[in-house]
Amino acid sequence: MSYDISKDLYGALRGLRPTGRRRLCELCNLHLSEEHPHLLQVSNQEVLCACEACAVLFGHRSEHRRFLRIPRDARRLVGFTMSDAEWSALRLPIDLAFFVRRSSEDHPTAYYPSPAGYTESLLDLETWTDLVRRNAELAGIAPDVEALLVNRTHGRRDYLIAPIDQCYKLAGLIRRHWRGFSGGDQVRHEIARFFDALDTRAIAFKEITHA
Amino acid sequence: MSEQISQLVEQVRALPDTRARDTAIQLAQAILDLHSEALARLLALLPFEADSQLIERLADDPKIGGVLLLHDLHPLDLAARVRKALDSPALRNAAEKIEMLSTEEGVVRVRVEHGHHVRAALEQLIWEAAPDARQVIVEGDDQPARSEFVPIQQLLAGSP
């Protein structure tokens, strides 16, 4: 048995790969490229790295729903409105949070990043219902795998429907870069960079005009 | 084709223009990744239960098997491929005994007993079956059992 790929060619082509540990598909152990799909394991809400084949095989099979494919890109909310009063009514300690509707629960949960990761917070259901009533796009958030991501820090007003893995990534980013009492310049810079990148790749959700 | 690609990769790596070099490497990598994912999906779609030998037949093809190796998709691991190579008819009368000792961390260790000057051919055969090996080490004696001459090392080993 011999292969048409010589030792030299194997070395030359494998050498092109970026160095450092490459991630493996958590379902089949295949090496993954830098950009790869994520699956959500519904039972424990764990995010798994997957290869394209496993994401197709496991993420799209609707009968058993053990895994859900997490969308790649965020969706931009056009014409979304939220007043300062509405935000305050949600009673969140910081101006950054994401809202998820779990398929196992009938009302959404709010999470806000903190130096310890992220914290779950009870949501004022009335305020949320009002918000959905005025912003019909919010009803289109996919349960478990998407979240309404809100950033009102430092004068920014970012409102996106974001993939859940991106929300966790943001929480990780904040935890890593948080310094001192108020977070510091570094974390502020990282948050701005994160939202700019997310927004650049975001796809427009729906054009809605508000009076 | 194998040699041509190796040479081109070397030429790209030697490009003085770092931007051109990085772009070329990224392009090659992106094309490799595209094929890697497509091949993985292709294998995942094979009717596995219906014909479990199909994937091994594909992997035995020199061109397909080589590409599967390159993308970490080959169904046989390093040790299995080396063992298979050692079973080759070409080695049937090459030595009294040839056995694989280990393949730890990609280092293939093979032991030969009373080989008939088989070392070079054996190494080549292993490299052909295992281009992904890091090193190939052939141990043991590569001399026929009844040699007409006594190697100098053997003489020295016997002296006080």
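Below, read A as the first sequence line, B as the second, and so on, with proteins coming before strands; counting in each chain starts at 1. Small disclaimer: the values here were computed from a predicted structure and weren't measured.
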| said: Just so I understand: if I count every heavy-atom pair under 4.5 Å between each of A:Asp4, A:Asn29, A:Leu30 and chain B, which residue has the most? | reply: A:Asp4

| Partners meeting side-chain hydrogen bond (donor to acceptor under 3.5 Å, both in side chains) with B:Gln11 (sequence neighbours left out) | none

| task | Below 4.5 Å from any heavy atom of chain A, which atoms of B:Asp61 appear? Answer side chain, backbone, both or neither. | result | backbone

| query | Mind checking whether A:Phe98 and A:Tyr111 have parallel, tilted or perpendicular rings, split at 30° and 60°? | reply | parallel

| task | Grab the two heavy atoms, one from A:Leu131 and one from A:Met82, that are nearest each other, plus how far apart they are. | result | CD2-CE, 3.4 Å

| task | Could you look at B:Ala59 and say if it's the side chain, the backbone, both or neither that has a heavy atom under 4.5 Å from chain A? | result | backbone

| query | Is the backbone of B:Thr103 close enough, under 3.5 Å, to the side chain of B:Arg109 for a donor and an acceptor to pair up by distance? | reply | no

| message | Is B:Ile64 close to chain A through its backbone or its side chain, or both, or neither, when contacts mean heavy atoms under 4.5 Å? | response | neither

